[in-house]
Amino acid sequence: MCRSFRRACGLEGGRTIRENPPTAAKNSGFRPDIQGLRALAVSLVVIYHLWPERLTGGYVGVDVFFVISGFLITSHLIRKPPLTGREMAQFYGRRIRRLLPASFAVLAATAVATRLVSAPTQWESIAKEIIASALYVQNWVLAGSSVDYLAEGNDPTPTQHFWSLAVEEQFYLVWPLVIMAAFWIAAKRRLRAGVLVRYAIAAVVVVSLVVSVLATAAEPGAAYFITPTRMWELAIGGLVGSVAPLTASRLNPSANAVLAWVGILAIVVAGVTYTEATPFPGSAALIPVLGTALVILAGSNSSLSPTGIFRWTPVQWLGGISYSVYLWHWPLIVLLPYVSGGDLGWLDKAVILVATVVLAALSKTFIEDKFRFTKSAQGLLPTFRFAAAGMILMTVLGAAQLAEVNYRSQQAEQRLSAIETSGDPCLGAAAIAKGFDVCEPDPTAELVPEPELAKDDRSDAYADGCWSNAPFTERPICTYGSGEKKVALVGNSHAGHWLPALQKLAERNDWTISTFLVSRCNPTDVPLEFDTQEKTDNCLAYGDWVLEQTKGDKFDLVITSERQSVPVQGETWETTEAPAVAGYRSYLSAWTDSGTTLLVIKDPPYPGNEISSIPDCLAENENRSANCTGSPEEWHWPDPLHTAAEILESHRLSTVTMDRYFCADDECHPAIGGIVTYFDGSHITATYAKTLAPYLEKPILEAMKPDVQS
């Protein structure tokens, strides 16, 4: 690596010349306070995952880990700068032996357990995330799904926690290059390497923190996971690692102990007071990050400091196995409910805690330590071979699972095609329309689509990219059909799920359908409470644009439908309905006053109150679909758009309710006429929507009648 920069890297006359490392790097002894911080960090994370309502900000334990990792790695790099290619390889080899064996073991166990106990609807997403975790890009996968509205109802996967490990590995990949570059420039310019290293680290802190604050304000979901918003946290630890601990100064030991306690207090306060609503990381992460940095910088060994408690044997032991505890606890939390058959109770959580500690202790002894300290595993070539083999194996395991999912999907699609062309008089909505006494349900019949296929049974609007997604600056319009009558479909995803029914009707009635679809945002005159003001403003602007595009006689009919998935700005869910209705009344009036003919379709019952995913529920309760039913009251969700339309008196405005095709005899069904009704907890499957077409046709044709438009 330094072959072309021999002088700059300090390689002269065949020997290595190193500048004396900064003072801080000489402190390489064991730090019980850091081991105690590890125990605190993993405790925060585990408690938060098991009892999120009791420790609402326990996720800051990850930030504590980031600072510790940055401190330790930077201290080591300053002490032994990787000035040659071999030294760099040795650094990466140590990281591989320290981190990858245990993570590969957990991923392999998770892959096997997933196939044995989880629902088939989960196999595809878990397989993809196992591959992403093995390749240490899981944080970017989660960042992408965090801005996908339709991913909100997805069950958590057992490898989601690998996002933080991915951030650290990406940091380890570039950080030695930063430190080496600082030493290289210092040697070339005859500067003090220690000072230049601190300047370089400080620059990373400033740039990354600014990115973190801006990204958290713009898109907090994605900002939580991506490396640029987190790098400053590790770099803060690196900055502490580049200076001497306060114990090396003349600071009074008691004052030093107080500083350490202030740092612990900052971490605990963040853990107790932060919630999921806290914009994070951004500036909010400064409290736990600086608190951790203060504890490490203090380096107090006083019995009056936190180290007095951290020295306790159980605390030191937990800190020693903290990495494996972090690895094992989350897969157990996610997978145990598939075995126990319900939400986690106190007994389940006790089992998870005991199993986590036992597995972590075994992993530490027989996996982590074996690979770190066994001489046969120390060579560079075996180390890198192991890393490559592990990544390949995990990728193959994930790919094999994806291949099985793909095969099952192909078989299900063939069955679906055969059933759709079979002419079954009791298929889908026809069964509930004719009555279950005529079309008696068969609880043993195979559902169509199969639950795992139903999750992707969506309208063409998704594959065709017809959505304006956050921050709602795009203005896509998709067109289906080429008929004389022009129909506009307007609204969020709960307008989009009617598209398959409208497409069938368009073929029969000579229509052209133009879509004006937006994800989550509702075209209305009232601002909505998004996580950034930019989205709120852009959503209002999108509504203004849609109104301009569709008002008057541009279309023979405008069909609109919504789900209120975001409260009105400044309101809670308890108080949002009245202002939401007012916003829709104003918007609908502007439409009708301009001469627009409108049809409002009431949103169907909403199982998401009780069941986050109908396909998952059906897959987990095979031949027990009754476990996935609900009552109209349980599946009720306010529909202020429909309420506003019912209040308004205009000959240009019609409404239609399709609830009768989802609920009968005070029971709402997850599958009707052999077809799964929802592809998640609120959106209709494309297949079921098609069977609703005959029952939508009459209301639409009546809304188009000339006497209605006169």
Side-chain angles (χ1 to χ4, degrees), residues 149-150 413 416-417 420-421 427-429 449 453-454 456-469 472 474-523 542-543 545-563 591 596-604 641 654 656 658 661 675 677-679 683-704:
Y149 164 56
L150 294 178
E413 286 174 352
L416 174 59
S417 178
E420 284 185 322
T421 58
L427 183 67
L453 188 62
D456 294 318
D457 188 21
R458 308 172 183 177
S459 77
D460 291 338
Y462 293 95
D464 296 341
C466 302
W467 301 98
S468 176
N469 296 302
F472 315 125
E474 297 177 347
R475 301 288 187 264
I477 302 175
C478 292
T479 302
Y480 298 92
S482 57
E484 183 179 346
K485 293 281 188 180
K486 298 187 182 302
V487 176
L489 178 62
V490 176
N492 59 21
S493 57
H494 286 244
H497 65 195
W498 297 109
L499 179 60
L502 298 180
Q503 286 175 278
K504 288 197 70 172
L505 295 176
E507 294 175 5
R508 186 185 309 169
N509 293 282
D510 194 31
W511 298 345
T512 297
I513 301 171
S514 299
T515 65
F516 300 84
L517 300 174
V518 60
S519 179
R520 299 197 78 183
C521 162
N522 303 339
Y542 181 87
W545 172 79
V546 167
L547 186 61
E548 190 63 32
Q549 294 294 312
T550 58
K551 70 180 183 180
D553 59 358
K554 297 181 178 71
F555 292 91
D556 294 282
L557 182 66
V558 174
I559 299 174
T560 184
S561 186
E562 307 275 9
R563 182 175 89 86
W591 244 335
T596 311
T597 304
L598 290 171
L599 173 65
V600 173
I601 304 178
K602 180 184 177 296
D603 198 44
L641 170 63
S654 307
V656 60
M658 304 294 289
Y661 302 106
I675 294 179
T677 50
Y678 297 86
F679 68 70
H683 298 89
I684 311 169
T685 60
T687 303
Y688 192 70
K690 291 174 186 176
T691 69
L692 289 167
Y695 311 103
L696 265 178
E697 186 170 25
K698 183 178 179 181
I700 293 176
L701 292 177
E702 287 182 349
M704 285 183 176

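Numbers here simply count residues along the sequence, with the first being 1.
- K486 NZ to T479 OG1: the interatomic distance, rounded to the nearest 0.5 Å, is 8.5 Å.
- The shortest side-chain heavy-atom distance between L557 and W511 does not fall under the 4.5 Å cut-off.
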(request) Carefully, step by step, assess Y542 and R475 under the rule side chain to side chain contact (heavy atoms under 4.5 Å, CB included). (result) CA-CA 8 Å; Y542 181 87; R475 301 288 187 264; 3.5 Å; yes

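- Summarising the geometry of G552 relative to T596, their closest heavy-atom pair is N-OG1, 2.9 Å, with the distance given to 0.1 Å.
- Note that the OG atom of S493 and the CZ atom of R458 stand 10.0 Å from one another [nearest 0.5 Å].
- D510 CG: more than 12 foreign heavy atoms inside a 6.0 Å radius.
- Considering every non-hydrogen atom in both A689 and I684, the closest pair reads N-CG2, 3.9 Å.
- D603 meets the side chain to side chain donor-acceptor pair (under 3.5 Å) test with H494; sequence neighbours excluded.
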(request) Evaluate side chain to side chain contact (heavy atoms under 4.5 Å, CB included) for T550 paired with F516, printing each intermediate quantity in order. (result) CA-CA 9 Å; T550 58; F516 300 84; 3.8 Å; yes

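- How far CG of D457 is from OH of Y462: 11.5 Å, rounded to the nearest 0.5 Å.
- Annotation: side chain of W591 is in contact with side chain of L547 (closest heavy-atom distance under 4.5 Å).
- With contacts defined as side-chain heavy-atom distances shorter than 4.5 Å, the pair Q503/D460 qualifies.
- For the atom pair CG of L641 and CZ of R563, the computed distance is 13.5 Å after rounding to the nearest 0.5 Å.
- Residues A693 and L505 share a closest heavy-atom pair of O-CD2, 3.5 Å.
- Between the side chain of S459 and the backbone N or O of P500, no donor-acceptor pair lies under 3.5 Å.
- With S654 contributing its side chain and L599 its backbone, the two residues share no donor-acceptor pair below 3.5 Å.
- Of the inter-residue distances, the one linking C466 atom SG with L499 atom CG reads 7.5 Å to the nearest 0.5 angstrom.
- The aromatic rings of H683 and F679 lie parallel to each other, with less than 30° between the two planes, well short of the 60° mark.
- Between N509 atom CG and I700 atom CD1 the span is 8.5 Å, to the nearest 0.5 Å.
- The nearest pair of heavy atoms linking V490 to P523 is CG1-CG, 4.2 Å.
- Side-chain contact between T597 and V558 is absent, with no heavy atoms from C-beta onward closer than 4.5 Å.
- In this structure a side-chain-to-backbone donor-acceptor pair under 3.5 Å is present from S468 to E474.
- Counting all heavy atoms, side chain and backbone alike, G496 lies closest to W467 at CA-CH2, 3.8 Å.
- K551 meets the salt bridge (charged side-chain N to carboxylate O under 4.0 Å, His left out) test with E548; sequence neighbours excluded.
- The side-chain heavy atoms of L502 and Y480, taken from C-beta on, include no pair separated by under 4.5 Å.
- Taking every heavy atom of both residues into account, G428 and Y688 meet most closely at C-CE1, 3.7 Å.
- Remark: the backbone N or O of I601 is paired with a side-chain donor or acceptor of S561 at under 3.5 angstrom.
- Taking the side chain to side chain donor-acceptor pair (under 3.5 Å) definition, one finds that Y661 meets it with nothing, sequence neighbours left out.
- The residues E697 and K504 are annotated as not salt-bridged, no charged nitrogen and carboxylate oxygen being separated by less than 4.0 angstrom.
- With hydrogens and angles disregarded, no donor-acceptor distance shorter than 3.5 Å links the side chain of N492 to the backbone of N522.
- L692 places a side-chain heavy atom less than 4.5 Å from the side chain of W498.
- For the pair K485/T512, no side-chain contact is recorded, criterion being any heavy-atom separation below 4.5 Å from C-beta on.
- Under the 4.5 Å side-chain criterion, counting only non-hydrogen atoms from C-beta, D556 is not in contact with V487.
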